[in-house]
Amino acid sequence: MPRQRSIPTTLALASLTLLATACAEDPFPSDAELQQLLDATRLTSSAPLDATNAHQNDPLAIELGTKLFHDKGLSSCGTISCESCHGGMGLTVDTPLAKGCGGDTAHNPPSLWNVAWLDEFMWDGRADRLWNQAVLPMTNPVEMAATPATVRTLLTTSYAADYQKVFGEPVSATADERILANVSKAIAAYENTLRSPNPRFDEDVARFAAAVKAGTEPQDPSFLGFKVLVRRGACLTCHKGPRLSDSGFHNVGVSDLNAGAAGALLGIDATYDWPYSSRGPHSDDPEGAAANRLLTLRLEIQQRPANFLGARRTPSLRAIGLTAPYMHTGALAKLEDVVDFYSRGGDKEGTFLGAKSVTIVPLNLSNEEKAALLEVLKSM
Ligand code: HEC
Ligand code: HEC
C-alpha cells in the first residue's frame, strides 16, 4: 500500500525561502530516511573475515588469545592485562583515562564490543587491522610496556604447547617481531568473538517500519527519537549501517590541544610503513583488500589533509549505554552530556585543531527532543 501523506500547503512557500526548513517540515520519515534506519540494524552474527590474520577463526587461537587477553604477565610491570583497560560490562573503564604500567593513558579506551566489525582502529586510525592494533598497547611504555623478551618469557613458561599448536613452530624459533605479530593474531581471534547482544533498537526500528507501512508512525513511541537521530541530528550520516559507524574519519569538534590533537592526519600516516601493517611482512594477505584500503586512505589524506586534521574514527554506538565516559578524551561523563554536546554544535572553535565537519552545527534541541534522542541511544 502506498504511503499517504498530507503536505501542508504552506510548505511550498517555506521551501522557496529556506531549503533546510522545508526539509524539516517534510513528513518523517522519507523513504531514504526509513532506509537509513533499517540499514542501521542487524549486525552480522560473526565478524567479517580478515584475510591478513590467517588464525582469525582457529578455535585454538581463540582459546590462546582469550588467556593472553586476561594475562597480566603480558605486561612488563606484571600488573596490567588487556582486560585492565577493557573489562566489565562495557569492555572499557569508567574513568576518562586508564592506568597502565607507566601512568595514565593519553585517551579514553574505546569499548571492545563489536570491534572486529570495524575497518580502522584507535581514535586516529593508526592501526589498520584488529590484530596489529594489539602490538600498540603491548609495547606502549604507558600501557603494558612489554618487549619481545617479556612476551617470549610468558609464552615459554605458560603457553609453549598452545603456541606451537597454533603457529606450527616453537617459541624459541620465532623471531622477535614475529612473536608480537603472532600473539596479536591470537588475541584478535578472541576479540573477534566480542559481539554485543542484539539491541532493542533493532526491534524498535522493525516496529517503526511496520507503523510507517500502516501510516501510523506519528503515534509510534520511537517517532521523535528517530526523527532527531536521522533528520535533526543527522547522526546516521556518520554512525551508519549495522555497525552504527562508517569507520570513517570526522572532526566533530571535541576540545583537545594535547599531543595527538592532529588526529587521523598523522595517525594513518604512521601505519603506512609500519612492519605490522596490513601490507607489511607479518600480514597474511599483504596485497589484498586491507592493504588496498590503506593505500587509498593514505592517498586521500595526501589530497585532502584538512579533512583529516583533528578527525577521529567514528566510534560504533552499539552498546553505547555501557561505555561512559565518552569521546576520545573521555571528557563527556554521561550520554546526556553527549546529547548536549551535539545540540550546541560541538565545542568552541579554537579549542581543537582543524575544522568541524559541515554536519556538526548547533541543533538547539528542545528538552523533549533531547530526552527522545537519549532513549534511542540507550536502546542501542
Ligand atoms: C592501560 C590501558 C590499556 C591497556 C592495558 C590496553 N588498552 Fe586497548 N586501548 C586503550 C586506549 C587508551 C585506547 C585508545 C588509544 C588511542 O586511540 O589513542 C585503546 C584502544 C584499543 C583498541 C581500539 C578500539 C577501537 O575502537 O579503535 C583495541 C582493539 C584495543 N585497545 C585492544 C587492546 C588489547 C588487545 C590490549 C592488550 C594487548 C589492550 N587494548 C590493552 C587502553 C588500553
Ligand atoms: C560528522 C560525523 C558525525 C556525526 C554527524 C555525528 N557523530 Fe557522533 N561521533 C563522531 C566521531 C568522529 C566521534 C568521536 C569524536 C571524538 O572523540 O573526538 C563521535 C562520538 C560520538 C559518541 C561517543 C562515542 C564514544 O564511544 O565515546 C556518541 C555517543 C555519539 N557520537 C553520538 C552521536 C549522535 C547522537 C549524533 C547526532 C546528534 C552524532 N553522534 C553525530 C562522528 C559523528
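Along the sequence shown, residues carry numbers from 1. Side chains included, hydrogens not; waters and symmetry mates left out as well; all remaining heavy atoms used. Just so it is clear, the model here is predicted, and its values are computed rather than measured. For ligands, and for the atoms within them, numbers begin at 1 and follow the listed sequence.
- Between atom 8 (Fe) of ligand 1 and Cys82 there is no N/O/S contact shorter than 2.8 Å.
- With no hydrogens or angles considered, no side-chain donor-acceptor pair links Thr52 and Asp284 at under 3.5 Å.
- Between atom 29 (C) of ligand 2 and the options Val228, Val338, Leu229, Val230, the minimum heavy-atom separation is to Val338.
- Note: His86 and Phe69 have tilted aromatic rings, judged against thresholds of 30 and 60 degrees for the angle between ring planes.
- Side-chain N or O atoms of Ser158 include none that pairs as donor or acceptor with a backbone N or O of Leu155 at under 3.5 Å.
- Judged by a 6.0 Å distance limit and a 45° cone about the ring axis, Arg129 is not positioned over the six-membered ring of Tyr276.
- Between Tyr163 and Phe167, the gap from one ring centroid to the other is short of 6.0 Å.
- Within the 4.0 Å heavy-atom cutoff, Phe249 does not count among the residues contacting ligand 2.
- The atom of His86 that is an N, O or S and sits closest to atom 8 (Fe) of ligand 1 is NE2.
- Considering backbone and side-chain N/O of Ser111, none are found under 3.5 Å from N/O of ligand 1.
- Atoms of ligand 2 found under 4.0 Å from any heavy atom of Val254, numbered from 1 in the order shown, are 16 (C), 18 (O).
- Checking His328 against Asp256 by side-chain atom types alone, a donor-acceptor pair falls below 3.5 Å.
- By the 3.5 Å distance cut-off applied to N or O atoms, Trp123 is counted among the residues near ligand 1.
- Heavy atoms of Pro110 stay at 4.0 angstrom or farther from ligand 2.
- Ion pairing of Lys165 with Asp58 is absent here, as no side-chain N (NZ or NE/NH1/NH2) approaches a carboxylate O to less than 4.0 Å.
- For Asn251 (side chain) and Leu353 (main-chain N/O), a donor-acceptor pair under 3.5 Å exists by modelled atom type.
- Residue Leu112 touches ligand 1 through its side chain alone, judged by heavy-atom distances below 4.0 Å.
- Side-chain N or O atoms of Ser366 include one that pairs as donor or acceptor with a backbone N or O of Glu369 at under 3.5 Å.
- By the rule that hydrophobic residues join a cluster once side-chain heavy atoms approach within less than 4.5 Å of another member, Leu91 and Ile62 end up as members of separate clusters.
- At a heavy-atom distance under 4.0 Å, no atom of Val339 approaches ligand 2.
- Ion pair Arg279/Glu287 not flagged as a salt bridge, since none of the NZ, NE, NH1 or NH2 atoms sits closer than 4.0 Å to an Asp/Glu carboxylate oxygen.
- By the 3.5 Å distance cut-off applied to N or O atoms, Lys99 is not counted among the residues near ligand 1.
- Of the heavy atoms in Gln133, only side-chain atoms (C-beta onward) come closer than 4.0 Å to ligand 1.
- Looking at His328 next to ligand 2, an N or O pair under 3.5 Å apart turns up.
- The side chain of Thr237, and not its backbone, has at least one atom closer than 4.0 Å to an atom of ligand 2 (non-hydrogen atoms only; side chain from C-beta on).
- With a 4.0 Å cut-off on non-hydrogen atoms, Ser357 touches ligand 2 through its side chain and not its backbone.
- Taking all heavy atoms of Cys235, Ala261, Ser316 into account, the minimum distance to atom 34 (C) of ligand 2 is reached by Cys235.
- Among the atoms of His239, some N or O lies under 3.5 angstrom from an N or O of ligand 2.
- Checking Tyr342 against atom 8 (Fe) of ligand 2, an N/O/S atom falls under the 2.8 Å cut-off.
- When heavy-atom distances to ligand 2 are checked against a 4.0 Å cut-off, Asp256 has no atom that comes that close, whether in backbone or side chain.
- Taking the ring centre of Tyr272 as origin, the terminal cationic atom of Arg298 falls inside the region bounded by 6.0 Å and 45° from the ring axis.
- Taking atom 11 (C) of ligand 1 as the reference point, the nearest protein heavy-atom neighbour is Pro109 CA, 3.6 Å.
- Residue, atom and distance of the protein heavy atom nearest to atom 41 (C) of ligand 1 are Pro137 CB, 3.4 Å.
- Side chains of Thr359 and Ser357: a donor on one and an acceptor on the other come within 3.5 Å.
- Here Leu130 has side-chain heavy atoms under 4.0 Å from ligand 1, and that is the only part of it that gets that close.
- In terms of polar-atom proximity, defined here as any N/O pair under 3.5 Å, Met327 does make such a contact with ligand 2.
- Polar contact check, Ser81 against ligand 1: no nitrogen or oxygen pair lies under 3.5 Å apart.
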